[in-house]
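Letters A, B, ... are given to chains in the order of the sequence lines, protein chains preceding strands, and every chain is numbered from 1.
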Amino acid sequence: MRAGIFAAFVILVGAAVLLLVFGPITYVREAREFRPDPVAATAPPEIRMTDLQPGLPLPGPNPNTGGENPSWYERNAVALSEGQRLFSAMNCVGCHSHGGGGMGPPLMDDKWIYGSDIKNIYATIVEGRPNGMPSFRGKIPPEQVWQIAAYVRSMAGLTPKQASPSRPDHLQAKAPEASYPEQPPAGGLIPPSATAPQ
Amino acid sequence: MRIGLLVAAALLLAMPAGAQTATPAPNSVAPANAAEGDWVLAPKDYANTRFSALDQITRDNVKDLKLAWSFSTGVNRGQEAAPIVAEQTMFVVTPYPNILYALDLTQGGALKWKYEPRPAPAAQGVACCDVVNRGAAYDQGRVFINTLDNHTVAVDAKTGKEIWKVKLGDINQGETMTMAPMVVNGLVLVGNSGGEMGVRGWIQALDAATGTVKWKAYNTGPDSEVLIGPEFTPFYEQDRGKDLGVTTWPPEAWKIGGGTVWGWISYDPALDLIYHGTANPGPWNPEQRPGDNKWTAGIFARDPQTGQARWFYQWAPHDLHDYDGINENVLVDLEIDGQMRKLLLRPERTGYVYVMDRITGEVLSATPFAAVNSSKGVDLKTGRLIENEEKHPVLGKVIRDICPAAPGAKDWNPSAWSPLTKLLYIPHNNLCMDWESVETSYIAGTPYVGANVKMYFGPGGHGGEFTAWDPIAKKERWTIRERFPVWSGTVATAGGVVFYGTMEGWFKAVDAESGQVLWQQRLGSGIIGQPVTYLAPDGKQYVAILSGVGGWAGAIVAADLDARDATAALGFVNAMSELPNHTTKGGTLYVFALP
Amino acid sequence: MSDDVLRPMEEREAAAKLTGAWHEGEGILAWLSATGHKTTGRRFVLTSFGFFIAAGVLAVLMRLQLAVPENDLIGPDLYNQIFSVHGTAMMFLFAVPVMQGVAIYLVPLMVGAREIAFPRLAAFALWMLLFGGLLLFVSLLLDMGAEAGWFAYVPLSGPEYSPGKRSDVYAQTITFSEISAIAAAVCLITTILKMRAPGMSLNRMPLFVWASLVTAFMILFAMPSVMMASTFLIMDRLIGTHFFNPAEGGDPLLWQHLFWFFGHPEVYIIFIPALGMVSHIVEAFARRPVFGYVPMVLSLAATAFLGFGLWVHHMFASNVPQLGASFFTAASMMIAIPSGIQIFCWLATLWDGRLVIRTPLLFVFGFIFTFVIGGMTGVMLAAVPLDLQVHDTYFVVAHFHYVLIGGAVLPLFGALYYWIPKVTGRMLDERLGQLNFWLMAIGVNLTFFPMHQLGLEGMTRRVYTYPPEMGWDRLNLIATVGGVLVALSVLLFLFNLLRSLSVGRLAGPDPWGSPGLEWATSSPPPEFNFALPPVVTGRSPLWEAGEEWPVVTGLKLDQREVLITSVLDAEPDHRTEFPEPSIWPFLAAIAVGLTFIGSIFTPWAVVAGSVPVAITLIGWFWPKPGEE
Amino acid sequence: MRPVAAVDVSRLPDHAFGHRSILWWGTLGFIATEGMAFAIAIAAYLYLRTRIPEWPPGVPPPDLAIGIANMAILILSAVPNYLTKRASEKEDLRQVRIWILVTLAFAIAFLVLRWFEFASLNVRWDLNAYGSIQWTLLGLHTVHLLTDVGDTAVLAVLMFTGPITGRRFVDVSENSFYWYFVIASWLPIYALIYWGPRVL
Amino acid sequence: MSAKPRAALAALALSLGGCEGPQNMLDSSGPQADTIEGLWWVMLTVTSAVWFLVVAAMLVAIWRRRVRAEALELSGEPKPHRRERSLGIAVAASVGLTVAILFAFTIYSFVLERRVFAAPPKDALEIQVTGHQWWWQVRYVHKDPSKIVETANEIHIPVGQKVTVRLSSPDVIHSFWVPNLHGKRDLIPGQEAIFWIEADRPGSYRGQCAEFCGWQHAHMSFWVHAEEPEAFQAWLEQQRRPAPEPPDDLTRRGRDIFVTGPCAMCHAISGTTASARFGPDLTHLASRTTIAAGTLPNTRGHLAAWIADPQSYKPGNRMPPTFLPPADMQALLAYLETLR
């Protein structure tokens, strides 16, 4: 009997310790958020850096609104893996391959023409960039852009390894993101053109 | 082999002695207004022989070749262009931003003028395989170029002033233009690029004087738009029928089906026919486009005045492996089985040298010139490529060891024909690939590929070869192996010397008969351009080549791609991961002469 | 013989000395170091029962979600975790270990041994089970629970479709529980083969011992398959191997083959010990030895053997070749024969016995009633055409719950009522017991019988909700009510157990008048089991004993000395000294556990963990300083 | 019922070798289960072979030299292993000390070469399924090797430090038994890893 | 099997009713489901009989041999037993009967299996069904590729004809199951499964994914509409047409919103530039009875709700919410309703 109580005590304490230790770490990684928060009111300014855009030209302004707390996306395993899926579905892969580049620049290296911050990448996707990056404004909903942006960062090892995607069930193009060394997120070159509106 | 040699020797002996000096072969008809020793079109002549009758540089003295002068283009991307020589001036067009330079040959290449078309920067984002340009064309005092953002421009050769500029396509639809224009009878023939972006391929004829469109032929869709009419008499049964450009596609797919024209156009003045290839169908993933996908990956013979198709032949019906059909068509007249035939020689991406009757479009022979396992030959009865089921792409499965790889046994980089040796000098690849088809969406202006590809060097472990091919004996005379794909053009001269360049940057002169390397020089960057040779105002023969690695094969250097991703640059980076150790970016014109 | 009659005095002296040698000590350290088979066995059962209750709570949650159509009590994400953890826990953390726990406790007693072979290994098995279960359930609380079902088909559980660490947790839980099961199986096999009382030749072994032996062998041969599979899975997920990637030459069906090569025998691993328990209960309450001892043993062996030959019948709907499918149909039909033999033998025993109807026997009746239904639906599932219709529907859910609850849980509860007096020394309340039985029997049938119908009507498994227009709501509601009844019955059992600990009637050594050796010692048994280890002359020693009770003498009393006998006839062979209790198994389990859990997060944990694992294992095997 | 002393075991020995010992049975249990794991891995290899048209797919087969050399070492190690086992069963401490060290030397030599065997596979585990199973087979055997080398090393130390009892010799004997398993299990795995890509 | 014994047996099996329904293996509407249903009733009859016998034997034994609680005698010598021989005969006979029944079942199952899997004729209508997380892509194959028809979550088949179904999956394992027509077949990535179905009477049959495939496994259903061959041909012809031109300004605006907005990034409408393939093809959306793989009925209101907030109906599905101003939403809905 004593042993039983003791066992229950040990189990409970063990469980509590594990919960306390791992809870904060795993919470963000494992959460699955199906419905994004209602639109945040903070739409980035209407600037488009290129006339190139996928699909037909938009008939009128269709602002892409930003989400809140973008760092959430790059620590969440599902967001990153959705980003990986969308990276193919939205044809990013056609230009940037699986991070090595092609028509577009590579994304897995530590050179960032327009900055490596997730907000820079978000802006690059939404606004486009003059040298060929199309503007996806109004084409991809904000939370999916955040997911793609977070995945792009994971390709360079800028997101937590524990949340980064493992290899997909496709041709082995490269080592999976989860095996990239984590780098200090400061990396990259941010030219003035990326910070000032053009 | 021995018989082949005997035949070749006999043919050589049979030639008139005068032919050894500066007599153009009867079939290599140059544009009427071209001066002897000029180089007015990228393929040199209508027949696409890239043969120069100049013979000052011979197999004996070529070893003394020295750099005469050089010129920096200021653009460090892949230099695929052929320098054009006319009016004692050399015209060089750079990759994007497509600057056209006129260099004064009377003053050792001093800059005469430059023309900047300022194409839209965004066009770089829809150019599939580096932002290249394959050269200008000269005709009657005008220089024609295509810009990456789909403009064809006529520039005054004397002053560099723009004469006309027309917009022919839309980068938002993924279209670009990279080909060298062809000028035939006052018509500028141009086509679009972008088979990887789901564009609909076309060829147009513009009035050389005004730039107005004379005709436009699509390569997919209903007969009325493909310009197929009553004159259309293809040789093979499978190419006959109404609106095959629609019915051999899933519904609507022909509208985004590729079949662009970004390669070479030949012209036979006697038959008054132009020959142009059509590129791959889009997307690469063949499961998304069941059917034969007419009229992609084939060749059209058209009337240059009306654009009406005369015949068509499809190299790769329902193309499985991105075998664009845009390579050069070398028009020669040769004796086959004792009979003089008007032929069309075609070293094709599928890995075969096709010998065709250019009047009818009949395939007389198709012989592999490189390692081929993606197909098992060509059925000469039906004209169909015999597919190898084992190498058939399947959605979601990696099919390994497909040879040749997606750039084919030979890509756009043109071969040369020497009427003296009766050999076709083919710069080509030795690449195989792993291929996984994946589902892809058409989103206008974004890539429409649907395949993960990993290329690597083929049997033997080398990436490229330079082969002298005897189309009659249907075998190679000699082959030079190169570490990397031979992505440069080539030129054959009456001096018995053939020039080509390697991606490491070696510019080589080899003996046209034996394949012995007679001279070579390392240039500043890898060579993917087209060598030309010309007679300068000083009466000397010069050889010019643009150095500047890039293009699809050299994108890893030109665009700083990351070799850790094997699929980068549509899979080419995997094969070229060593290239950055051998060369760097560049963009320089080199001109060589004997001292 | 009469010269050797032992005086009661001698027995008492011996007991005192033996207590000195075998005592496990007091305090936390001693508690963690305890290795005695009764301690380990009790803890095994308690631990797995704890997981049973936790997984049962999940089952109730699922039933509540499904009680009405388009219910939004639990969303799909949580529901997927809940049913995955429920299945994983019930199979790996409850059904197998609880049977092993009972065996660890009872087998040494039943074969007249002082201790289980390799007691430290058994303790290690316990800790591995505990840590594996904690990993699974704590992960669930962290929103990191397994999410791809207990058979975790790839690619759904693979790297692309199960992001995060959820499926890694699943794979490592499997590894924990497999190591535990294999370790316990090695202990049991050795105990059964080498430590039986003199005279207990193989053909005199109690049926539960036979069942445990057969099960242990099945574990040795089945578990490696799922261990390799889960290793492949975790390698695919963590270091990018391609075992299950169809693009790069792997195959999702490889997982299914490996999993079911384990997964089908797993059912028998769970269910064969229960058959052994049933035989003991029937024997005791029918007041006669089980009819057909030899066919019973042969049936157990045949079930085990055939159990390895029908894994493909879980894969009829996948692309298996037609001929192969037919073979597996035949094999699956055939396995009903040994089960049939056993049922008929028990019926014969009941027919011929004098039935003393007590709670354990009621559970046996419940077992026959429900298990035969499960068996009959099992025969239906063996037919490929029918399987194609009902596979992956609620019909199958009904089928395997009938088999597992009917075939294992009901006998287990019967066994608990039967043997708990031996463990605690006190009787459970009979009236509460009977109420418990009826609640459970009715609850189980109410929950699962309608599911047959639901399956036929097209309700598929693992749906977190269903549309109202399908007409599945009424039957689902009934099932939910049944589920609540089952939960109540388990609560009632716990109440009965806790109550008996203080107010239960004292049991005495043999409260049921049973024939086995485990009843030949006090309740609860002393730490050394038998002051005078028995010598066996028949299959039912206590029933066959005359005036004299033959025993073994000559074992040292001041040391942990046990007798090793020969495999077939249990002739005394040699004596050997058993190890003291030790903290090292616990520490080794901690080291191994941290290594496994760490490997979820980085493969380097395997390298880093190998050092503490090596240290603890060396500590474990290092001879104690005082040894000769 | 009166207890009657029916069997007196006080004269029986306090340890025994081979299948008489429970240690032998425990070892056998683990050998059975690990052997089954090897069998499963081998089955997985053969299964994957049926799923891939070319074998090896797109890479050269493993280099043979180191594999053959290592195979020779492993087979030769059976000799000192046999002598260790025989000496332990004779309870000849001096002989045991000598031969267990020789066996250990062989094992360590094998382990060192094993490092290079991974390199001679000519494929990475994450290239394709072929690479994955090759590495797993080799890795699986290496894990068994490592544990037995550790076990042998500990026993070797004990043989020098004592305490030396009869049961310690049983330990040595069973360790040698396990080493036979390590040798025997290597034969099919060696054949698959090195010759599978050439023959299958 | 005719309806009468069916009903009788159903009562026997204590069934709670429900032998009819659009997704019910006991309401078979095709030869294969019929064969299997026959097997079911035979097996149910025999196994029920066996179960009754076993339970009856048990009850009789209990009744005969029970000992009253007060007369309980748990200690001491058990009663000697002398009936081994007759018991042995009874047990052996039972085992023999079991073996015979199982043998008969096995043979019967083999025979029916061959019938159910008999290869369809070469020229049978061929449908490719691809399972996606969590919807069904359906493609009617034709040797003339321009006559290929692509649709989603809805399959039309002609009555009385064998239809070959080719199954594949690009993501995880799904299972294709229309209980009224046939058993299920898994869609396994990297493999293609071929089987055939046939309906012998017109009707609408519901199918559902039967292999757990993630969050929305529960909402991955589809409908099979079996029609008379003429009606089927008419439907097929209709499906072959591209989407009609929008008739008025409102619908034209709706089309523009569709092809220029986020919709076109995932969906295709034949006849427009929208040709993406990651969501269902919507060319003839308005002709379908349900949306979102059988989750919601296809009405304007449900469509609007689905576009605006798909995640609350089908949490985790791949469709993101689309925020449109009300006027744009109305235009889009108006356009989608023209897609007959």
Side-chain angles (χ1 to χ4, degrees), chain C residues 1-2 4-6 11 117-118 121 182 185-186 189-190 193-195 198 220-221 223-225 227-228 231-232 235 239-243 245 248-251 254 257-258 261 532 535 545 547-555 563-564 566-567 572-577 614 618 621 623 627-628, chain D residues 1-16 19-23 25-26 28-30 32-41 43-44 47-48 50-52 57 125-133 135-136 140 146-147 150-151 154-155 158 162-165 167-168 171:
Chain C
M1 268 269 183
S2 57
D4 297 325
V5 171
L6 297 167
E11 192 173 345
F118 317 120
L121 187 62
I182 287 171
V186 168
I189 289 176
T190 311
L193 292 182
K194 291 297 291 177
M195 294 172 64
L220 288 194
F221 292 109
M223 296 279 179
S225 181
M227 274 191 77
M228 289 312 295
T231 307
F232 290 167
M235 289 201 296
I239 60 169
T241 57
H242 294 276
F243 290 103
N245 178 3
E248 284 286 18
D251 188 357
L254 173 62
H257 282 293
L258 292 179
F261 185 76
L532 303 167
V535 173
E547 282 298 289
E548 296 182 341
W549 179 252
V551 295
V552 176
T553 55
L555 284 175
L563 177 65
I564 307 299
S566 68
V567 173
D573 186 88
H574 64 278
R575 301 166 294 134
T576 192
E577 198 193 337
I618 291 170
F621 292 110
E627 195 179 346
E628 288 172 59
Chain D
M1 293 186 295
R2 287 169 296 134
V4 177
V7 177
D8 183 4
V9 297
S10 54
R11 285 167 195 280
L12 292 176
D14 70 352
H15 63 276
H19 66 85
R20 290 171 59 195
S21 145
I22 58 168
L23 201 57
W25 284 91
L28 186 68
F30 279 107
T33 199
E34 284 157 19
M36 191 65 194
F38 282 125
I40 294 286
Y47 182 84
L48 289 173
T50 67
R51 308 300 307 167
I52 303 181
W125 65 90
D126 58 359
L127 186 73
N128 50 41
Y130 161 81
S132 305
I133 190 67
W135 274 76
T136 305
L140 195 63
L146 275 171
T147 52
D151 211 15
V154 170
L155 280 175
L158 282 178
I164 306 296
T165 65
R167 285 195 294 125
R168 198 91 302 129
D171 288 348

List the steps, then state whether side chain to side chain contact (heavy atoms under 4.5 Å, CB included) holds for C:Leu220 with C:Ile182. CA-CA 6 Å; C:Leu220 288 194; C:Ile182 287 171; 4.1 Å; yes

Is any side-chain heavy atom of [X] less than 4.5 Å from a side-chain heavy atom of [Y]?
X        : Y        : result
C:Phe621 : D:Leu158 : no
C:Met195 : C:Leu563 : no
C:Pro572 : C:Val552 : no

If I measure from the heavy atoms of chain D, does [X] come under 4.5 Å with its side chain, its backbone, both, or neither?
X        : result
C:Ile239 : both
C:Asp573 : both
C:Leu555 : both
C:Leu254 : both
C:Met228 : side chain
C:Met223 : neither

So for D:Pro13, is it side chain, backbone, both, or neither that comes closer than 4.5 Å to the heavy atoms of chain C? both

What part of D:Phe38 lies closer than 4.5 angstrom to a heavy atom of chain C: side chain, backbone, both or neither? neither

Partner chain D: residue of C:Phe261, C:Phe118, C:Trp549 with the largest heavy-atom pair count (under 4.5 Å): C:Trp549

To the nearest 0.5 angstrom, please state how far the CZ atom of C:Phe232 sits from the CD1 atom of D:Ile40. 9.0 Å

Find the one option among D:Thr136, D:Leu23, D:Ile52 whose heavy-atom pairs under 4.5 Å with chain C are most numerous. D:Thr136

Could you report the tightest heavy-atom contact between D:Val9 and C:Gly554, atom names first, then the distance? CG2-C, 3.8 Å

Could you check whether the rings of D:Trp125 and D:Trp135 sit parallel, tilted or perpendicular, using 30° and 60° as the cut-offs? perpendicular

